[in-house]
Each structure stands twice: as C-alpha cells, then as structure tokens.
Number of protein chains: 2
Amino acid sequence: MKKRRPTVTDVAKLANVGASTVSRHLRGVSVSPEVAIRVAEAIVQLGYHPDETARALRVGRTRTIGVIIPQVSNMFYSRAVQLIEEEVGRRGSAVILLTHQESRKQQAVQLATIRRYRADGLILAPAAGSTLEELRSALPGTPVVAIDRLISPEMDSVVLRNREAARTATEHLLSHGYKHIAAVISRPEIASFQQRWQGYVEAMAEKNLDTILIQAPDHDQLRYALTSSFLGQRRPDALLSFSNRVTQTILLAFDELAFAREDRIPMLGFDDFDLASLVDPPLSVVRQPTENMMRHATNILFRRIEDGELMEPQNIALPGQLVYRRSCGCS
Amino acid sequence: MKKRRPTVTDVAKLANVGASTVSRHLRGVSVSPEVAIRVAEAIVQLGYHPDETARALRVGRTRTIGVIIPQVSNMFYSRAVQLIEEEVGRRGSAVILLTHQESRKQQAVQLATIRRYRADGLILAPAAGSTLEELRSALPGTPVVAIDRLISPEMDSVVLRNREAARTATEHLLSHGYKHIAAVISRPEIASFQQRWQGYVEAMAEKNLDTILIQAPDHDQLRYALTSSFLGQRRPDALLSFSNRVTQTILLAFDELAFAREDRIPMLGFDDFDLASLVDPPLSVVRQPTENMMRHATNILFRRIEDGELMEPQNIALPGQLVYRRSCGCS
DNA sequence: CTGTTAGCGCTTTCAT
DNA sequence: ATGAAAGCGCTAACAG
C-alpha cells in the first residue's frame, strides 16, 4: 500500500466539509470559526501540504520568479541573488535561478526555460549585446526588470548611475594629479561598461587629457595586456577598473610582475568586495548600493505583476558611493 | 481580444491531429514522419511553448531541484550553486534556490517551500544542529542529498574528508615547528567544523601538544577574541582557520592590529578563494574539490529520483588538497 | 457561509 | 500510429 499524498478532498472529507471550503480556509477567506478549526485539525492530522503546481495551473500564477544572471560566482551577483532571494521569499514566491555565462545563446535557452516554467516575472542581468526585441519576444506578457545593465528605457530597470560614478571616480584620480589614467575593461559590449567609459571620457576630456584603454575579451588576455602596458614606454600612472573581476586581474598582474606596494600603480575600481580593504594597499572603490537596488528591482517586478501594463516603464538609476582607501593615492 | 497562450489542443487542431499525438511528438515518441512535420510547423506558427506546471501536475514530476544553503554570498556556496545550476540544467531541470541563513527555523520554512513546490529532489547544506529526523519528516518521499555537512550516514551525502584534511593541515603546521597552534572556529555546531576539530585534536595529541580553541558565535565577537588572543600572554604561534569566512575575520584582526607582514601569525585556512594568493603573505589553504563534489551530488540525486529507494545510502567523502603558499611558513 | 461542478493544460490508458 | 476521454489537485463560478 503506497500512501498517496493527501489532497484538499482528503482534508475536506475528514473535516466533513466541501473541498472549496478547505481551499477558502487555506487562502484565508471567510470561514466559520468552528469549521476553520476542524479543517485545521484535519490538515495537521493528514500532514497536508498544498500543491503549488496544481494551484498554478488553475490560477495561472506560479509564485515563482526567474532570476537570470551571468554567473553566481561573482561577488556582485552572488550578493544580488542573496538579496533577491530574501525579498522574493518575503513575498511568498520562490526563485528559479539560471545563468547565461555571458552567452546570448545560453540566455535564449534560459529565457525559454523561464517561459516553460511560467514564472510570474523575471529579474535579468542581460548578456552582453542583448536587444530589447530579443528579450521581449522570448517572454511575451511576462514582466521583466533588468538589473545592472540597461538595455532600453522601455524595459523596467535598476542600475547604477554608471556614467556619473565613473566620471566622479576619474575626477578623483585626476585630483591626485595623475594624467595618464587608463580605463581597464573586460568586455566593452556590456552596457554598464559603456556608460562607465563615457563618464571616464568626459572627465578626461575636460582636462584635455588623452584616454587610455586597456581591454581584452577574456581575463587571461587582459592580464597579459596589463603586464605589457605596465612594462611599456607609456605606462599609465593610474588605473580605473571597471569591475571587481577586472580589479582582481589587475592585482594578479601586479603579483605576476612582483610589484611591491610602492611599484603598484594607483587605482580605483568598480564594486566593493569583502577583501578590498585587506589587500595592499587597501583598495579605493565605487560601491554599489546593491541592497537598495535589489529591493527596487523586486518591488517594481511585483507591482508590474499585479498591476500589469498600466504603469510607465520604471528606470531607476542609483548613485554609487566612492569609498576612499589607499590605492587611489589617498592617505 | 486577449490572446490566450496556445495549448496542445490549439496545435492539434491546426495540425489536424489529436492532442495526444502532439504530446507524443513533444516527448519524442514514435510519430509518423509526415505528421511530425505538420505538428512541428503548427508549433512554430502558434509560438507554442509547453506548460511545465500542467505537465508536472499530470506526471507528478516537476523537473525542479531545490537547493538550500546557508547563504549565497559565501564564496564556497556561490561556487557550489553555480556548478549545481549547470549540472541540473544539463539534465533538463531547473533550480529553485533558497537560503536558511544558518537558522533551523528558516530552514524549516524553506523545506516546507520545497514541499509545496513539489521539487523532485533537494540538495541541502543543513543548518547547524539539524537532525536527520527533522529533515526526513519535512520531506517524506523526496530524495535529499546533503552537501558540505554530514548529518547522518543514512542520508546521501557528499562532503570533504574533513578530519583527514584538518589533520594533514595541522601536521604541516607542526612540521614548521609551531607548537601553539590555535584552531579558529565560528560556529562549532556545524558538523564539518566538528570533524575538522577532531582532525586537529588528533594531530596535536600525537605530539603531546595542548589544543587551543579560539571561537565565538559571530564574526564580530570572533574578531575580538582574536585580537585579545594575539595581544595576550599566550599568543598562538600558528593558526588553523576553519572556513574562508573565518580566514577573512583573521585577516581583519591582523589589519585592526596593524600587524605588518612580519608580525602576522602563520596560518593555514580551509577553502581556497580567488584572492587567497594575493593577500600578504599569500594564503596557504585546504582546497575543496568543489566541482567534483557538486557533480557527485547531482549524480546521486538524479539516480535516487529515478531508481527510488533501492540504492544504498551514498556517502561520498572527497580528499582536500593542501595548497602551499606563504602564510603557513613555507617559502 | 457552504457545497457542487467545471476546467486549467497536459499525459495516459484504451480502443481503434 | 492515432484519437477520444479521463483525471492529476486545485480554485472560481454558481446556487443554495
């Protein structure tokens, strides 16, 4: 005798009520107190647990939120996922986590997955080069909010004020007297990096200084580009790193060259991380208000799920915070 | 006119076949080639995407795997989640990600969530102090494999050979001539830490050396305990850190005390991480074979889902790898 | 406030 | 190889 999972009907029978009454009780709709007790008892007695898949099929809402990011093993995104999970859980939904590894093809696969699972909404950090159309058509009718990377103002989004932050950061570097500041970028197709590049260019132009770009498609090649640059004739006298992953690569390059603290090129990087204050010298960074950002993202998503299309597209851009430690030249 | 999502029936009508034929086609069961084409065309024409929730209800399998960990924002776990996501995705399922923040109450909530969503299986890093019974009874009939922390040999598990690794690590420290080696632990209720403690104790006992325990319920207090110990009479001459989070706290304590590289107490820590080689001095660590572990975990889980209870409980314990950098005293 | 009934979209007998 | 019909567990009308 294999014991079937108890259903509403089982509970209903045991409590001597109709199935719909059990359903009502479950959803907190008006039920006579006396009946409520009987139902509650029957539920614990049978060890009944509602079936979300059945509910989803009937109601058309799955209480699941898709989250698609480049990868979890990047401090910024793992923190983001943590916050989203908490926020979404608080609202009685669960997170379906998918990664696209910066590949649009993989992203397409994951979007299709979200579609099959009928997630109520999606929080997405779009893969480099994604277009609004490709995203929209993959999930018609499903609310999407973009995080970290802005694709189009027509899509809800929550991002950093990238241009402004990069500009301020560059200006700070300039205020230390550096003139040959290099921007270090991994994948320039990524929207947020483009905006940061703009901000950097603006700040440099204002002082009539030439821009320097150190860039490579992957981090191994980037490290190579960095070491060559550091050893070359036109070695930059300061660095602006566009992501924490890039910052790591820069540190690796210093290490490879056995640069002592004094040799290290002053730098300032995007994204704060746990050990930033512990490297030598302590890293000055642009800190993102990640918690706030994810709260906004979840809020917007759920409003969109409930209210539908009525609302104007929301495009939130939050200011970064410059954290001055030593690496930029501050004492 | 609101456009309904196309269903198998819509596809069937358009292709002039029965709904079951469409279903068969979708699942790759024998269908006459001529019909297959008509169905395929209808599918693209309508933009049909199967509904997993309906399938799940009917079939009783959701193609969903629960993953519950303490938190995503810990390098070890974020890496683990990344690997699990890939592995699970490869098998056509999706990950529902939940965190318990090291709280058994929160863990109970999340287990109930997994139950409601009818996940086919669960990969779990149990909260400190969890018992087999509490875990089992929360999810009767659902396969669970424990990772990182062993609760009971009756439950499938994939963990590090913690005792052995700690012992080897301690022995290595001893080989450098240190005698007052302190074990630094955050939450001693965590199973893996207990095993590591055992290994440490064994190695110390073998040399007739006294054990030293530096421990605190949270990382702020731990940092305080560390600084007191470093400044006190019986300052340890080497440290064995039990997790990367603890290692960070130790580094923070060094920093707080403004210990220069020479003042820093030699140490060796569990868990490798990206910047381990970049701190000063570079950190010697016990590296976990995370990729292998997660592959094993997923394999076991899916076998369990398919074959059911027939299989003996699997308890995999993989050896750690000692990575010698400088911090332990090696040159 | 409560019970009956129908049906969400799919798969699975059971005939043909 | 194919179609008709039943049913997975739930909720939303609808009557009472």
Side-chain angles (χ1 to χ4, degrees), chain A residues 2-40 42-43 46-64 92 112 115-120 141-142, chain B residues 2-40 42-43 46-64 92 112 115-120 141-142:
Chain A
K2 45 160 54 177
K3 52 176 71 167
R4 220 176 20 84
R5 279 205 178 92
T7 74
V8 269
T9 323
D10 300 324
V11 176
K13 278 202 203 98
L14 185 59
N16 268 312
V17 295
S20 48
T21 304
V22 177
S23 172
R24 281 189 270 267
H25 172 84
L26 254 20
R27 288 170 305 135
V29 198
S30 50
V31 176
S32 97
E34 188 226 341
V35 168
I37 296 173
R38 287 218 312 279
V39 173
I43 285 175
L46 293 173
Y48 169 79
H49 284 241
D51 185 327
E52 282 289 337
T53 67
R55 214 214 76 255
L57 177 59
R58 177 64 236 237
V59 165
R61 290 251 313 241
T62 54
R63 290 194 194 159
T64 56
R115 186 168 187 170
R116 286 193 294 121
Y117 283 91
R118 301 288 192 259
D120 298 331
T142 302
Chain B
K2 47 161 52 176
K3 52 177 72 170
R4 223 177 16 83
R5 279 205 179 91
T7 73
V8 268
T9 323
D10 299 325
V11 176
K13 278 203 204 98
L14 186 59
N16 269 312
V17 294
S20 44
T21 304
V22 177
S23 172
R24 280 189 271 266
H25 172 83
L26 254 20
R27 289 169 305 133
V29 197
S30 51
V31 175
S32 95
E34 188 227 341
V35 168
I37 297 174
R38 287 219 311 279
V39 174
I43 285 175
L46 293 173
Y48 169 81
H49 286 240
D51 185 327
E52 282 289 337
T53 68
R55 214 214 76 254
L57 178 59
R58 177 65 234 241
V59 161
R61 290 246 320 237
T62 53
R63 289 195 195 158
T64 272
R115 187 169 186 169
R116 286 192 295 120
Y117 283 91
R118 302 286 191 260
D120 298 332
T142 302

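The sequence lines fix the lettering, A, B, ..., with proteins before strands; numbering per chain opens at 1. Because only heavy atoms are used, hydrogens play no part in the values below, and waters and symmetry mates are left out as well, while side chains stay in.
Note: CG (L57(B)) to P (dG7(C)) measures 17 Å, nearest angstrom. When the P atom of dT2(D) is taken as reference, atom CG of L26(B) falls 15 Å away, rounded to whole Å. Distance, E52(A) CD to dC10(D) P: 10 Å, rounded to whole Å. For the pair I43(A) CD1 and dC10(D) C1', the interatomic distance rounds to 13 Å; values are reported in whole Å. Taking atom CG of residue L46(B) and atom P of nucleotide dG9(C), one finds them 14 Å apart after rounding to whole Å. Atom C1' of nucleotide dA12(D) and atom CZ of R55(A) are separated by 13 Å, given to the nearest angstrom. For the pair R24(A) CZ and dT11(D) P, the computed distance is 11 Å after rounding to whole Å. Counting to the nearest Å, the P atom of dG9(C) and the CZ atom of R61(B) are 24 Å from each other.
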Can E52(A) and R63(A) be said to form a salt bridge (charged side-chain N to carboxylate O under 4.0 Å, His left out), step by step?
CA-CA 8 Å; E52(A) 282 289 337; R63(A) 290 194 194 159; 3.3 Å; yes
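Mapping R27(A) and R5(A) onto DNA chain D by nearest heavy atom places R5(A) closer to the 5' end of the strand. The residue among G18(B) and T9(A) whose nearest nucleotide of DNA chain D is located toward the 5' end is G18(B).
The shortest side-chain heavy-atom distance between L26(A) and I43(A) falls under the 4.5 Å cut-off. Side chains of T62(B) and T53(A) form a contact here, defined as non-hydrogen atoms less than 4.5 Å apart.
The phosphate of dT11(C) (OP1 or OP2) has a side-chain N or O of S23(B) nearer than 4.0 angstrom. Residue S32(B) has no polar side-chain atom (N or O) positioned under 4.0 Å from OP1 or OP2 of dA1(D). Side-chain N/O atoms of T53(B) include none lying less than 4.0 angstrom from OP1 or OP2 on dG9(C).
Within 4.0 Å (heavy atoms only), S20(B) reaches at least one base atom of the nucleic acid. Using a 4.0 Å heavy-atom distance criterion, N16(A) is classed as a sugar-phosphate-only contact.
The residues D51(B) and R116(A) are annotated as not salt-bridged, no charged nitrogen and carboxylate oxygen being separated by less than 4.0 angstrom. Salt bridge R5(B)/D10(B): absent, no basic N to carboxylate O contact under 4.0 Å.
The side chain of V17(A) lies closest to dG3(C), out of dG3(C), dT2(D), dT11(D). Side chain of R4(B), nearest nucleotide from dC10(C), dT2(C), dG9(C): dG9(C). For V8(B), the side-chain atoms get nearest to dC10(C) when compared with the rest of dT12(C), dT2(D), dC10(C). Ranking dG9(D), dA12(D), dC8(D) by closeness to the R58(B) side chain, first place goes to dC8(D). Minimum atom distance to the side chain of Y48(A) is reached by dC10(D), of the listed dT2(C), dT2(D), dC10(D).
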